[in-house]
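Worksheet: one structure, shown below.
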Amino acid sequence: MALLRLTALLLLIGLCHSSPPHCSYWRLWEYLNLTTTNSFVANVRPVKSWTEVTKVKMEMILFGIVKVDEKCQTVQGHTWTTMYWSNAFLNWNTTDFCDIDVITVPRSLLWIPDIHIQEDASDPSSILESPYVNLYPDGWAMTTSRHLLTFTCQLNLNMFPFDDQECDITFSSMTASVDAILLVSQAGNDQQMTNYSKGVIITQGEWDLKNIQINTTLKVMHDNKKHSELIYTVTISRRPMLYVINFIIPLLYFLILDLASFFINEARGEKLSFKITILLSISVLLLILKDMLPSTEKKMPWIANYCIGIFALVGISVLEAMTVSYLLSFEEKVKKAPHRCSNCEDAIQLERTTSRGEF
Amino acid sequence: MALLRLTALLLLIGLCHSSPPHCSYWRLWEYLNLTTTNSFVANVRPVKSWTEVTKVKMEMILFGIVKVDEKCQTVQGHTWTTMYWSNAFLNWNTTDFCDIDVITVPRSLLWIPDIHIQEDASDPSSILESPYVNLYPDGWAMTTSRHLLTFTCQLNLNMFPFDDQECDITFSSMTASVDAILLVSQAGNDQQMTNYSKGVIITQGEWDLKNIQINTTLKVMHDNKKHSELIYTVTISRRPMLYVINFIIPLLYFLILDLASFFINEARGEKLSFKITILLSISVLLLILKDMLPSTEKKMPWIANYCIGIFALVGISVLEAMTVSYLLSFEEKVKKAPHRCSNCEDAIQLERTTSRGEF
Amino acid sequence: MALLRLTALLLLIGLCHSSPPHCSYWRLWEYLNLTTTNSFVANVRPVKSWTEVTKVKMEMILFGIVKVDEKCQTVQGHTWTTMYWSNAFLNWNTTDFCDIDVITVPRSLLWIPDIHIQEDASDPSSILESPYVNLYPDGWAMTTSRHLLTFTCQLNLNMFPFDDQECDITFSSMTASVDAILLVSQAGNDQQMTNYSKGVIITQGEWDLKNIQINTTLKVMHDNKKHSELIYTVTISRRPMLYVINFIIPLLYFLILDLASFFINEARGEKLSFKITILLSISVLLLILKDMLPSTEKKMPWIANYCIGIFALVGISVLEAMTVSYLLSFEEKVKKAPHRCSNCEDAIQLERTTSRGEF
Amino acid sequence: MALLRLTALLLLIGLCHSSPPHCSYWRLWEYLNLTTTNSFVANVRPVKSWTEVTKVKMEMILFGIVKVDEKCQTVQGHTWTTMYWSNAFLNWNTTDFCDIDVITVPRSLLWIPDIHIQEDASDPSSILESPYVNLYPDGWAMTTSRHLLTFTCQLNLNMFPFDDQECDITFSSMTASVDAILLVSQAGNDQQMTNYSKGVIITQGEWDLKNIQINTTLKVMHDNKKHSELIYTVTISRRPMLYVINFIIPLLYFLILDLASFFINEARGEKLSFKITILLSISVLLLILKDMLPSTEKKMPWIANYCIGIFALVGISVLEAMTVSYLLSFEEKVKKAPHRCSNCEDAIQLERTTSRGEF
Amino acid sequence: MALLRLTALLLLIGLCHSSPPHCSYWRLWEYLNLTTTNSFVANVRPVKSWTEVTKVKMEMILFGIVKVDEKCQTVQGHTWTTMYWSNAFLNWNTTDFCDIDVITVPRSLLWIPDIHIQEDASDPSSILESPYVNLYPDGWAMTTSRHLLTFTCQLNLNMFPFDDQECDITFSSMTASVDAILLVSQAGNDQQMTNYSKGVIITQGEWDLKNIQINTTLKVMHDNKKHSELIYTVTISRRPMLYVINFIIPLLYFLILDLASFFINEARGEKLSFKITILLSISVLLLILKDMLPSTEKKMPWIANYCIGIFALVGISVLEAMTVSYLLSFEEKVKKAPHRCSNCEDAIQLERTTSRGEF
């Protein structure tokens with residue numbers, strides 16, 4: 001078996017030699033010691049001294065906002081992440097290897113930084129990582145991943161549907177402290193990043209991307225060590241048009257109709273059913289509101305106050321209409337009762353007069 | 001092949017030697033015997049004598065409550081779990097290894113305690129484990145995991161929507177008894193834990209985190225052996241505002257309107273349609289209630305009793321209105337019938353009188 | 001490399017020797033020949049002669065009923081399954097190995113019976129298997145698994161919502177006939193099992209666990225061989241309270257109101273709109289019923305008959321009211337026409353009389 | 001290490017020898033050359049000459065129809081698939097191996113035909129394959145799989161809800177042409193298959209299994225080669241009862257009521273609101289219809305025509321009622337105007353007469 | 001062990017030799033050096049010189065459009081993708097190997113181009129790749145995959161439901177620039193492709209496939225290098241029939257009814273409730289519209305304008321009716337007041353006259 005393997009190897013080398021020898025990837029592969037699975041290279045942080053820090057550059061492009069779930073307080077978007085990190089063992093002199101400036105290596109053969117997004121609430125299966133890592137001559141490695149990212153974000157719904165949301169996407173290492181992994185951002189400045197993202201964004205649903213800001217900080221974590229963090233702060237603002245048209249204007253309209261219904265003649269017998277119909281439709285809208293917004297106590301969203309205000313106004317107006325109607329009918333009864341009597345008396349009087357006059 | 005491997009190894013070692021020799025991770029890696037997959041270290045509980053107990057410290061941070069499903073009796077939240085355990089074989093003297101105080105090792109090379117959450121009802125794919133384990137010089141190992149945890153909890157909905165829920169998250173080993181794995185909690189005291197969680201919690205949806213309590217117990221399990229358990233008891237309370245505004249107040253309002261409708265004049269012909277409209281809208285709210293709450297028998301939630309009570313009151317009022325209306329119209333008929341007669345008689349009398357007077 | 005490995009091994013053994021030598025797991029590990037992946041032990045049924053049967057004991061605890069989907073005819077529940085099986089190669093004398101009475105081994109190193117649930121309709125990812133197998137000195141192996149089990153069950157919905165359902169959960173081997181794998185149940189008797197499950201059950205949603213029965217049978221399968229089956233028959237009964245309150249009582253109430261509406265005075269002009277409103281609300285309830293129950297032909301659920309019956313009754317009553325109203329108004333016209341004439345004649349007569357009397 | 005392994009091996013063989021030697025699986029295992037992972041056996045089509053065809057027998061049992069999604073045009077069902085194929089290298093003489101007539105081998109050690117279902121639209125995780133393959137002495141291999149299969153099917157909804165659907169489930173190899181893999185059906189005849197499936201089917205939801213037909217064909221595929229296909233044509237028919245009760249009858253009923261409403265007295269003032277209520281409820285049913293059926297142009301389902309027809313009829317009847325009512329009131333006005341005049345004149349005349357007569 | 005392996009190998013070779021020796025796959029397998037996992041062949045781009053470009057031919061067949069999500073701006077369809085690429089190391093002379101023209105190799109043994117779809121928004125588990133790769137004698141490799149593809153597409157909903165959508169499906173390499181991987185399209189021309197797809201498409205839901213166009217471009221990507229892209233531009237058009245029938249026609253109908261309601265006699269007391277009922281049903285349709293379409297600001301879809309227009313018209317008409325009714329009743333009051341006076345005076349006058357005449 002061993003002989004066979006050797007033969008195969010030689011054969012392969014032979015094949016390679018038939019081409020210009022130093023221009024195949026084979027020699028570099030051999031030089032980088034990747035011919036066999038190397039437990040150390042694949043598993044340990046690639047630094048020469050353990051006190052060295054591994055720099056990791058993260059670059060995230062947001063190319064789509066799918067939806068914002070107000071109930072679960074999550075935002076869903078499409079991101080494309082490129083990660084660069086330094087590797088002290090895998091570098092080469094391009095002049096020695098026929099100017100090879102990049103080689104792709106499968107993920108499993110290398111140590112990969114365990115960077116994750118702290119706010120991530122998506123299924124781990126929603127990430128698609130490239131199967132290969134690019135190695136560059138200067139010892140940098142690069143890998144990319146596409147992510148249908150669902151991340152939690154404390155939404156402030158007070159101004160709904162005219163709200164802006166500011167959401168953080170925080171990258172950090174799951175286990176390594178800042179002594180081991182230091183996160184840096186590659187992008188030049190925030191404005192440039194924002195502009196680029198605004199350019200490539202394909203779908204935004206009902207949201208407008210306003211701004212992207214990038215910061216790096218240190219935070220003391222669960223193990224009482226400082227961890228490096230890279231924070232993308234994404235500011236988005238809702239496009240309120242459809243909510244205005246479908247929710248705010250009809251509600252306002254119902255209020256106007258309710259006020260206008262004071263001019264309906266009491267006698268027509270349509271006033272109360274008109275008003276109760278309006279009240280019912282507002283209570284239907286209230287239930288729809290419950291489906292849209294979560295139940296929060298500290299500060300009610302103004303749209304909830306708006307709804308309740310209109311509901312209360314219309315409700316009071318129904319009660320008022322009933323009271324007025326009752327008072328009017330009561331008054332009428334009071335009036336009628338003596339009126340009839342006098343009427344009757346008049347009639348009797350008249351009759352008497354008439355009868356008398358005939359005599 | 002073997003020669004090649006050796007060369008590569010030597011080369012690597014050579015590389016390492018060019019740096020301060022004892023400050024690379026390589027020597028430690030070699031010392032810990034991790035250069036090749038070791039079936040024993042990766043698969044068997046790391047104790048020197050089998051009678052020794054492996055202590056496992058669990059630390060869970062709840063940093064988000066997403067939603068509570070009243071029908072399925074589940075609670076969904078984001079948790080961050082840190083697990084520490086002792087490893088008798090993997091320890092080192094920091095002075096021998098250039099003060100290395102932590103080394104990261106892939107999960108597959110080590111035995112990991114099989115701790116699970118007994119109430120867990122989430123898809124196994126909803127957990128994201130760090131790919132690496134941190135090893136410390138004193139033989140402790142640490143790993144972390146992020147979890148979108150859905151766990152069952154016997155919800156008590158009697159006081160809905162003014163309810164507090166107390167849910168247990170119980171950690172235990174899937175196979176090992178207390179003789180092998182002993183769960184301990186690292187956190188100092190409960191109050192400190194609660195405060196920390198309240199501080200880091202990002203999203204709470206419509207719930208307020210009240211308290212977190214940590215207990216450890218022993219329970220006799222399926223194999224008639226005592227198993228160690230670590231229980232986090234999480235107390236949360238619902239924010240009832242939106243339910244009050246959207247459900248309780250409108251229902252109450254309909255009751256008031258129904259009672260007020262007794263003052264509507266019988267003659268106007270709007271009373272019954274007014275009342276039946278209210279009855280219908282209450283039955284719509286009843287159906288919405290069915291969507292919110294599960295069908296339980298032992299003790300009805302008070303909100304169900306509230307709904308049924310109002311439904312019954314309004315229903316009886318409709319019947320009463322009909323009866324009253326019928327009785328009134330019957331009375332009228334009875335009155336009219338003789339009245340007309342007397343009228344007629346009067347008229348006849350009058351005629352007779354008139355005629356007579358002519359004679 | 002080989003030297004290195006040997007050194008590491010010796011070192012490890014050395015470590016072990018420093019503790020009481022025969023009390024480490026190492027010697028047992030070695031004795032059981034698990035130091036390296038053994039294709040035979042990991043892949044072939046562990047019997048000394050192929051004619052021997054491997055006994056598999058299954059023990060399932062149902063600790064939660066989540067929901068029953070009437071449309072898809074599935075039941076969802078949480079189960080905890082413990083599987084024991086005999087292994088002829090992996091046993092030891094406890095006295096030789098310092099009284100070790102259990103050792104945990106990763107799943108991948110052993111042959112595991114391919115037992116599945118025939119009615120299983122859940123995603124394979126909904127099962128969480130313990131990563132380790134417990135081995136006992138007498139050659140028995142044990143593993144456990146937690147399952148969010150969705151299983152099909154031919155639901156009998158004739159009596160909905162007062163229905164009891166009897167569902168089978170059938171364990172059998174996917175490939176092996178009864179000559180290879182024999183399923184036995186460990187639990188003493190059914191009553192004990194039922195009581196235990198009733199004790200541990202956490203969440204039952206709208207269902208009550210009535211009974212669990214355990215049977216073993218043989219069935220001829222696709223390959224014309226007898227396969228061993230272990231059947232858990234779970235009997236659950238629905239808690240009908242909320243359906244009664246939300247569906248049956250309102251429907252009955254609408255019928256009563258419809259009947260009572262015969263007493264509404266024809267003259268008031270509210271009768272028809274009252275009745276049509278009731279009819280519409282019943283048709284809304286019919287549509288909700290369609291969402292709850294599947295369309296089956298053989299025997300309609302009584303609740304469907306109940307709904308249709310009430311719908312038909314109310315419908316007929318609407319038609320009746322219209323007919324009566326038409327006949328009444330027709331009669332009135334007929335009456336009025338001559339009445340007016342006679343009136344007119346009377347008036348004419350009177351006038352004449354009056355005029356005459358003047359002469 | 002090597003020594004250790006050998007010892008273990010010998011030990012194992014020794015164990016085996018203590019039992020009747022030729023009755024253990026070990027000798028067969030060794031004979032079949034499965035002791036180590038064999039790249040060739042596991043990866044290449046097992047034929048002696050590459051021109052030989054590998055016959056694959058597929059046998060699918062449909063034991064449950066879960067649901068049909070009319071919008072996405074998919075059908076979901078539970079299937080149990082048994083696949084047999086010939087293996088030229090793995091066969092044995094039963095007399096040499098103690099009459100062993102079957103041995104189970106893990107999937108990873110063998111080449112498995114890459115048969116898939118062309119119409120499959122389900123998540124790959126919805127399939128549960130048996131972890132083992134059964135090998136028989138004559139060189140046939142067998143494996144089974146359970147599948148919660150969602151497959152696309154061009155539904156013909158013209159006759160909804162009285163529709164029959166004919167769906168194909170087409171098995172074929174993903175890469176191999178008919179020169180390499182030939183699909184054959186094991187089942188004797190279709191009628192037998194249909195009867196068997198009808199017997200074992202557990203849940204059918206709202207569908208009735210009518211017939212299963214099995215055909216094999218050749219089709220030219222993407223690579224311009226003939227591929228072997230095995231087609232199961234499943235015919236199912238919908239049970240329309242609930243749709244009739246909940247949709248067709250109420251609609252018809254509304255039409256009858258609308259026609260009957262012509263008899264409502266104009267004077268009662270209920271006619272128009274009666275009719276508009278009917279119109280609105282039909283438009284609600286129209287929206288429900290939109291949720292049930294996809295928007296197709298070529299040929300409208302008759303139920304859509306039925307709905308629109310009734311909507312149009314009722315709509316026209318509302319307009320008609322309004323026109324009639326307007327004409328009547330117009331006529332009345334015209335009549336009243338001169339009538340009053342004549343009345344007045346009469347009254348004046350009468351007065352004059354009366355006055356005159358006094359003179 | 002080694003001896004054993006060798007024996008097995010020889011045995012296998014022996015088996016092969018008993019068949020016509022050069023017609024088994026074995027010799028080719030050996031020649032291609034696939035007998036053992038080869039890290040280089042499996043992991044590095046198979047070119048002889050690194051400056052060579054690997055050509056990748058992609059061929060995608062769209063055989064089903066499932067649904068379009070207007071809210072999330074995604075399109076779901078079934079695709080079948082065939083990928084060809086050149087491999088410089090794996091080729092053979094067919095005459096040397098008994099005319100073998102294809103051999104299937106497992107994916108894991110080869111380097112596979114990392115082509116992905118840029119717009120892909122589907123779960124990575126929704127792809128089913130063939131487990132094998134076909135190798136051809138000229139060094140081309142082929143693999144296929146079936147995909148339930150959900151991809152983002154900037155939908156233009158201005159003309160909804162009469163809209164055409166143009167969606168791009170862009171294939172590109174995740175890591176390699178155009179210097180390494182060049183994407184080419186195999187299909188002859190677009191028209192042929194469109195026709196073929198139109199032929200094989202099984203399910204289209206409510207969409208019609210209009211056209212498929214194929215382009216190749218170069219784009220500068222995140223790493224400032226040119227990447228090769230292959231773009232399928234799919235044009236689909238919606239079948240609007242059901243939307244017209246269920247949404248547009250009823251809305252129009254309500255407008256007509258509202259206009260027609262001007263002819264309802266004021267005196268009948270049905271006008272206002274008729275109009276408010278229409279207004280409410282339009283507001284229900286508005287809410288349904290909100291569920292269908294996302295909130296976009298730049299340009300409102302015409303159907304939203306259509307809805308709002310009709311809502312506004314009906315709303316104004318309700319106000320108008322109320323104003324008219326009020327003015328009429330006001331006028332009547334004004335008229336009545338003096339009329340009664342004059343009446344009274346007349347009556348008084350008459351009485352006086354009558355009385356006088358008696359004198």
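Computed from a predicted structure; not experimentally measured. Every chain is numbered from 1 and lettered A, B, ... according to where its sequence line falls, protein lines coming before strand lines.
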Is it the case that atom CZ in C:F263 sees more than 12 heavy atoms from other parts of the structure closer than 6.0 Å?
no
C:L28 portion near chain B, given a 4.5 angstrom heavy-atom threshold
neither
Whatever's closer than 4.5 Å to a heavy atom in chain C on B:L157 counts as neither
Chain C contacts, top residue of B:D114, B:D69, B:V47 (heavy-atom pairs, under 4.5 Å):
B:D114
Take B:T74 and B:T150 through the side chain to side chain donor-acceptor pair (under 3.5 Å) test and state the conclusion after the steps.
CA-CA 6 Å; B:T74 55; B:T150 310; over 6 Å; no
Segment of C:Q76 engaging chain B (4.5 angstrom heavy-atom cut-off)
neither
Below 4.5 Å, heavy-atom pairs only: which of B:E70, B:K275, B:M322, B:K71 has the largest tally toward chain C?
B:M322
Is a donor from one side chain sitting under 3.5 angstrom from an acceptor on the other, for C:Y84 and C:E59?
no
Using non-hydrogen atoms only, which part of B:D179 is less than 4.5 Å away from chain C: side chain, backbone, both, or neither?
neither
Which one wins on heavy-atom pair count under 4.5 Å against chain C: B:I112, B:L293, B:I282, B:T51?
B:I112
Heavy atoms of B:L155 and B:Q73 approach each other most closely as N-OE1, 3.0 Å
Report yes or no: does C:W29 contribute a side-chain atom to a donor-acceptor pair with the main-chain N or O of C:S24 at less than 3.5 Å?
no
Go through the atoms of C:Y25 and report whether side chain, backbone, both or neither lie under 4.5 Å from a heavy atom of chain B.
both
Of all of C:Y132, C:F254, C:W207, C:F274, which one pairs up most often with chain B through heavy atoms under 4.5 Å apart?
C:Y132
Quick check for you: among C:R146, C:E206, C:E129, which has the greatest number of heavy-atom pairs under 4.5 Å with chain B?
C:R146
Check: C:H147 main-chain N/O paired with C:H78 side-chain donor or acceptor under 3.5 Å
no
Tell me, for C:S126 versus chain B, whether the close heavy atoms (under 4.5 Å) come from the side chain, the backbone, both or neither.
backbone
Examine whether an atom of B:L279 lies under 4.5 Å from a heavy atom of chain C, and if so say whether it belongs to the side chain, the backbone or both; otherwise answer neither.
side chain
Using modelled atom types and a 3.5 Å cut-off, is there a donor and acceptor pairing between side-chain atoms of B:R45 and backbone atoms of B:P113?
no
Using only heavy-atom distances, determine whether the side chains of B:S122 and B:D120 contain a donor-acceptor pair under 3.5 Å.
yes
Under a 4.5 Å heavy-atom cut-off, does chain B meet the side chain of C:L257, its backbone, both or neither?
both
